[in-house]
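First comes the structure, then the notes that go with it.
Lettering follows sequence order; numbering is per chain, from 1.
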Amino acid sequence: MNHWLLKSEPDTFSIDDLAARPKQITAWDGVRNYQARNMLRDSIKKGDTAFFYHSSCKVPGIAGIVGVVKSGYPDATAVDPKHHHYDAGSRPDQPTWYVVDVKLERKFSRVITLDELREHASKELADLALLRRGNRLSVTPVTSKNWNFILTLE
DNA sequence: GCCAACGTTGGC
DNA sequence: GCCAACGTTGGC
């Protein structure tokens, strides 16, 4: 079982939005970056867990944990012309973009802020992709060591 | 709103 | 295949 970190802008889709979904499940759609796509398609598997990260907001940080309940499958929003994530270059028979389904596992009692994570950037969290300079990937892997350490920060 | 960092596009 | 221009991300 592997661990991941998924970014979302809470103004668009927050952990509370996920909590309000039927069965607290959503397709993690709209990812339009090939590196991130590869992880959604090939690496992230049912049973994996991921941090739900709030980005581009007042207090960026990890808001909780989701579980992957369905492995990668084609992103329907990519081939829906009415959808704002529509990609004219993606064909239904040869999907370019993928999603996984995630289910809310737990909302943290408080957000573990980016600032806090940074305090450990040179030690415990030295290999956390999120903290690497210039990282903009919306889907990144998290080692078990990092995962467990971050859980102790809550 | 600024801007650094990075990905993508497209002309050559 | 190079690389400049452009668009996006995301913290501040």
Side-chain angles (χ1 to χ4, degrees), chain A residues 2-21 26-44 48-66 68 71-102 104-143 145-147 149-154:
Chain A
N2 292 308
H3 306 293
W4 308 91
L5 183 143
L6 303 173
K7 291 183 191 173
S8 184
E9 301 187 15
D11 289 345
T12 306
F13 189 79
S14 71
I15 198 163
D16 290 326
D17 293 326
L18 178 57
R21 286 290 171 100
T26 189
W28 201 261
D29 59 22
V31 173
R32 297 292 180 265
N33 169 283
Y34 286 101
Q35 258 183 283
R37 185 281 308 271
N38 291 344
M39 286 187 271
L40 291 172
R41 186 187 60 186
D42 306 327
S43 307
I44 304 180
D48 287 356
T49 48
F51 288 129
F52 193 119
Y53 180 85
H54 282 172
S55 67
S56 290
C57 57
K58 202 162 187 181
V59 185
I62 299 171
I65 297 173
V66 298
V68 178
S71 301
Y73 64 99
D75 185 342
T77 69
V79 293
D80 176 1
K82 295 188 299 292
H83 204 282
H84 65 288
H85 288 317
Y86 176 60
D87 174 14
S90 182
R91 316 181 119 267
D93 51 329
Q94 284 173 305
T96 305
W97 306 114
Y98 281 74
V99 300
V100 298
D101 283 355
V102 299
L104 181 64
E105 221 160 75
R106 188 161 73 85
K107 180 183 170 179
F108 286 161
S109 54
R110 62 182 196 89
V111 171
I112 300 173
T113 66
L114 180 59
D115 280 349
E116 290 176 77
L117 296 172
R118 284 228 176 94
E119 289 172 16
H120 306 278
S122 56
K123 287 182 288 186
E124 295 92 340
L125 300 178
D127 49 354
L128 188 68
L130 175 77
L131 299 179
R132 279 209 294 269
R133 190 162 155 273
N135 168 67
R136 301 182 318 171
L137 265 191
S138 61
V139 180
T140 50
V142 178
T143 66
K145 269 190 182 176
N146 284 352
W147 180 271
F149 177 76
I150 290 169
L151 289 179
T152 68
L153 299 176
E154 186 184 356

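The main-chain N or O of A:F13 is found under 3.5 Å from a side-chain atom of A:S8 such that the two form a donor-acceptor pair. Using modelled atom types, one side-chain atom of A:E154 and one backbone atom of A:S109 make a donor-acceptor pair closer than 3.5 Å. The closest donor-acceptor contact from the side chain of A:D75 to the backbone of A:V99 lies at 3.5 Å or more, if one exists at all.
Going from atom CD of A:E9 over to atom C1' of C:dC12 covers 15 Å, rounded to whole Å. To the nearest angstrom, C1' of B:dG1 lies 17 Å from NZ of A:K58. Remark: P of C:dG11 and CG of A:N135 are 10 Å apart, rounded to the nearest angstrom. Going from atom CZ of A:R118 over to atom P of C:dG10 covers 13 Å, rounded to whole Å. Protein atom CG of A:L137 is 13 Å distant from nucleotide atom P of C:dG11, rounded to whole Å. Rounded to whole angstrom, the span from the CG atom of A:L117 across to the C1' atom of C:dG10 amounts to 15 Å. Per the geometry, OH belonging to A:Y53 stands 8 Å off C1' belonging to C:dG10, to the nearest Å. The separation between A:K7 atom NZ and B:dA5 atom C1' is 11 Å, rounded to whole Å.
With C:dT8, C:dG10, C:dG11 as the choices, the nucleotide that has an atom nearest any side-chain atom of A:R136 turns out to be C:dT8.
At a threshold of 4.0 angstrom between heavy atoms, the contacts of A:S56 include nucleobase atoms, whether or not backbone atoms are also involved.
Side-chain contact check for A:V139 versus A:I44: some heavy-atom pair is nearer than 4.5 Å. Inter-residue side-chain proximity for A:K107 and A:D16 is flagged as met; some heavy-atom pair is nearer than 4.5 Å.
Residues of residues 30-43 of chain A that place a heavy atom closer than 4.0 Å to DNA chain B, in numerical order, are A:N33, A:Y34, A:Q35.
Between A:W147 and A:H3, the angle of the ring planes stays under 30°, which puts this pair in the parallel group of the 30/60° scheme.
For the pair A:R133 and B:dA4, the criterion of a side-chain N or O lying under 4.0 Å from OP1 or OP2 is not met.
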Carefully, step by step, assess A:W97 and A:Y73 under the rule ring-ring contact (aromatic ring centres under 6.0 Å, His included). CA-CA 8 Å; A:W97 306 114; A:Y73 64 99; over 10 Å; no
